[in-house]
Amino acid sequence: MAPVSTSYETVLTDEQLDKWMAIIEAAPLTSLDTETTSLEPMRAQMVGISLCCEPGVAAYIPLAHRYQDAPAQLERGHVLERMRGWLENPARPKLGQNMKYDSHIFANHGIRLAGVAHDTLLQSYVFESHRSHDMDSLALRHLERKTITYTDVCGKGASQICFDQVALDRATEYAAEDADVTLQLHQTMWPHVAENEKLSYIYEKIELPTATVLQRVERNGVLIDADLLATQSNELGRRMLEIERQAYELAGQPFNLNSPKQIGEIFFDKLKLPVVKKTPSGTPSTDEEVLQKLAEDYPLPKVLLDYRSLSKLKSTYTDKLPRMVNPDTGRVHTNYAQAVAVTGRLSSTEPNLQNIPIRTVEGRRIREAFIAAPGNVIISADYSQIELRIMAHLSEDPAMLRAFAEGEDIHRATAGEIFALAPAEVSSEQRRYAKVINFGLIYGMSAFGLAGNLGVERAAAQMYIDKYFLRFVGVRNFMDETRVRAKRDGYVETVFGRRLWLPEINSPNGPRRQGAERAAINAPMQGTAADLIKLSMIAVQDWLDAEKLTSMMIMQVHDELVLEVPEAELDLVKTRLPQLMAGVATLRVPLQAEVGVGPNWEQAH
DNA sequence: TAAGTCACG
DNA sequence: ACGTACGTGACTTAT
């Protein structure tokens, strides 16, 4: 439902612009939105700006619409210079939906947007992280208003047009509405956040400042050694060809090694290999676990495993990353999504820099291509055992608290408790078991899952779990209480009060409910870790600015921050970075960050 | 567009 | 008896 009356104005003259400048200069809060040529934040050019200070009354300033017989528009440079003082003034409060994006667009035109007081994307995320946060959904949910969508205006697929081709009257209906709806969404959602002290803290002290830091991290980008990756691609390609040949020979025919369907036909129809497990759709699985199992008795699965690992490295990393280099900056600029992961974590896209290989020797080499510019080094600092420390804090389990307080190896200490040994007497096998158990605890494991991971019988796994909970009663109580809480409230909280909703926690569907219970166990730990590293990012960037250092934050990988640091600042950053990360909060256990330095990301680990 | 698979914390 | 460790994003094939 549209509001009773709207007044949307297309600004085409200096007189109109002057009038709107007077309005936004005086307004306590201005809703701001940009229309652009592309969704790539680092490349998009501004096509228009919309403004709204009062529900139903908005302006669209077209700046670069270029279609046949388009009306004359105010010149973009002229308008931006006219607005620069207001845009860059931190004391003039602005509001938007995903202002990190708009900040990039302004930066693309030399404007440093300041004074972002509110962001409806982040309000929605803090209020209900598990729901959708796009403006069309928010307008339907909170305003019962159906908005004009981008697809309505520009079409989709091959026939989609660029926004600069949209007629001014239609563009105004769409763009002015966006600014208008954003202001109304703020008026509806902000009270939901403001009425709760903890949610306000998450929104104001964590999410809003994090958005500003993220925009800078994204703009900084990371330098890639494209030649090195090309060399690796060539080598991977050669090896894949050889493996392919072997696979055809073993199969007795050529087939597409990338096709699970064709692999299934060869394995289970032609060669009659046993079906180890099935996919959710009921077809026999050929995933890594299955291939490992089959490789014990047959040669082809092993060959396929090798092929898969190389193929992954080549297509997703060594081939792709060089193509993601921005020609203007010579660097790779990821996009951090701040309102996607329900737990409070960030995610990274185009490219995803949070899943660069590390677990295999082969894969690690890709990190050698993440390099520092001449005269700089890469510094990486990661939180040590952050989620287990948070579990110790939340559960107040005496044995866990003591182990961390005394700086013990936590897996060794855990094994000592389970197997009733002094830490020094724990075997490497026992430590490995304890490590798997500790990970399982963070994920809300079952005896079945633990058995699968340890490669033991379910009864044996159950025995380890029983022993664990006998020695760590605090952890057992914490998990029981968490489940009870989740069922009673429908949500659980991080240490800082971020809410993680569990819509299926009381579902009559057993598997779904149990899934929600596991998520409830995991969420406070994963979510608190996310809170902590966001606070770290804010603290580190504040410190770099205050000290006027030229070191740049260039990546965040959940428990790790990566910086590119001039050699002159190396000693200072290397000392201070882990201190800042450890000092962002005082929990019942000490926080610890470990730092590494090198010419590339691999060697900084 | 969905399914399967696999990279990370 | 059921399904079975949390949270992500990208690539490839096949429909």
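None of these values were measured; they are calculated from a predicted model. Quick note on labels: first sequence line is chain A, next is B, and so on, each numbered from 1. The basis for the numbers below is simple: all heavy atoms, side chains too, and nothing from hydrogens, waters or symmetry mates.
- Residue A:S347 places no side-chain atom within donor-acceptor reach of the base of C:dT8, judged by atom type and a 3.5 Å distance cut-off alone.
- A salt bridge links A:D409 and A:R431; the closest N-O separation between the charged side-chain nitrogens and carboxylate oxygens is under 4.0 Å.
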Would you please test A:V276 and A:S285 for side chain to side chain contact (heavy atoms under 4.5 Å, CB included) and show each step?
CA-CA 7 Å; A:V276 177; A:S285 171; over 6 Å; no
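- Atom name P, nucleotides B:dT5 and C:dT4: the rounded distance is 14 Å, in whole Å.
- The distance between atom CD1 of A:I465 and atom C1' of C:dT4, rounded to the nearest whole Å, is 11 Å.
- Distances shown here put every side-chain N or O of A:R345 at or beyond 4.0 Å from the OP1 or OP2 atom of C:dT8.
- Protein chain A contacts DNA chain B over a range whose 5' and 3' limits, counting nucleotides with an atom under 4.0 angstrom from a non-hydrogen atom, are B:dA3 to B:dG9.
- Atom CG in A:N509 sits roughly 10 Å away from atom P in C:dG3 (whole-Å rounding).
- Under the Watson-Crick or G-U wobble criterion, with both distances below 3.5 Å, C:dC2 has no partner in any strand shown.
- Remark: A:R308 does not engage A:E288 in a salt bridge, criterion side-chain N to carboxylate O under 4.0 Å.
- Between A:N438 atom CG and C:dC6 atom P there is a gap of 17 Å when expressed in whole angstrom units.
- Proximity of a side-chain donor or acceptor of A:W501 to a complementary backbone N or O of A:F127 within less than 3.5 Å is detected.
- Here A:V290 lies out of heavy-atom contact (under 4.0 Å) with every strand.
- No side-chain donor-acceptor contact under 3.5 Å links A:S137 and A:H133.
- If you check every strand for non-hydrogen atoms under 4.0 Å, A:I356 touches sugar and phosphate atoms only.
- A donor and an acceptor atom sit less than 3.5 Å apart, one in the side chain of A:Q514 and one in the base of C:dG3.
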Just the table, please: protein N/O against nucleotides 10-14 of chain C N/O, every pair under 3.5 Å.
residue : atom : partner : partner atom : Å
C:dA10  : OP1  : A:E350  : N            : 2.8
C:dC11  : OP1  : A:K320  : NZ           : 3.0
C:dC11  : O3'  : A:S315  : OG           : 3.4
C:dT13  : OP1  : A:N256  : ND2          : 3.0
C:dT13  : O3'  : A:S259  : OG           : 3.1
C:dA14  : OP1  : A:S259  : OG           : 2.6
C:dA14  : OP1  : A:Q262  : NE2          : 3.1

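- Inspection of the A:R219 and A:H333 side chains reveals no N or O donor paired with an N or O acceptor under 3.5 Å.
- Only A:T279, A:P280, A:S281, A:T283, A:S285, A:T286, A:D287, A:E288, listed by number, bring a heavy atom of residues 273-288 of chain A to less than 4.0 angstrom from any atom of DNA chain B.
- Side-chain contact, A:Q462 with A:D466: a donor N or O sits under 3.5 Å from an acceptor N or O.
- Rounded to a whole Å, the CG atom of A:L441 is 17 Å from the C1' atom of C:dG7.
- Annotation: C:dG3 and B:dG4 have their P atoms spaced 16 Å apart (nearest Å).
- Crowding of A:F419 atom CZ: a count of heavy atoms from other residues, nucleotides or ligands under 6.0 Å exceeding 12.
- If you take CD of A:Q338 and C1' of C:dG7, they are 17 Å apart, rounded to a whole angstrom.
- A salt bridge does not link A:K467 with A:E417: none of the charged nitrogens is closer than 4.0 Å to a carboxylate oxygen.
- For the salt bridge (Lys or Arg N to Asp or Glu O under 4.0 Å) test with A:E362, the passing option among A:K312, A:R367, A:R239 is A:R239; the others fail.
- Spacing between atom CD1 of A:I358 and atom C1' of C:dT8 amounts to 17 Å, rounded to whole angstrom units.
- In this entry the distance linking CG of A:L346 with P of C:dG7 reads 17 Å, nearest Å.
- Within 4.0 Å of A:R512, counting heavy atoms only, lies no atom of the nucleic acid at all.
- Residue A:Y317 is classed as a sugar-phosphate contact, given heavy-atom separations below 4.0 Å to backbone atoms only.
- Among the heavy atoms of the strands lying under 4.0 Å from A:R308 are primed sugar atoms or P, OP1, OP2 only; no base atom is included.
- In this structure, A:E504 places its CD atom 16 Å from P of C:dG3, rounding to the nearest Å.
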Would you sort out whether A:R389 and A:Q592 count as a side chain to side chain contact (heavy atoms under 4.5 Å, CB included), showing the intermediate values?
CA-CA 10 Å; A:R389 285 174 200 265; A:Q592 196 182 310; 3.4 Å; yes
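- One finds a salt bridge joining A:K198 and A:E493 here, because a Lys/Arg side-chain nitrogen approaches an Asp/Glu carboxylate oxygen to under 4.0 Å.
- The pairing partner recorded for B:dG4 is C:dC11, the criterion being a Watson-Crick or G-U wobble arrangement whose two distances lie under 3.5 angstrom.
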After noting the C-alpha distance and the side-chain angles of A:Y383 and A:S536, does the key distance pass the side-chain hydrogen bond (donor to acceptor under 3.5 Å, both in side chains) rule?
CA-CA 10 Å; A:Y383 278 118; A:S536 281; 2.6 Å; yes
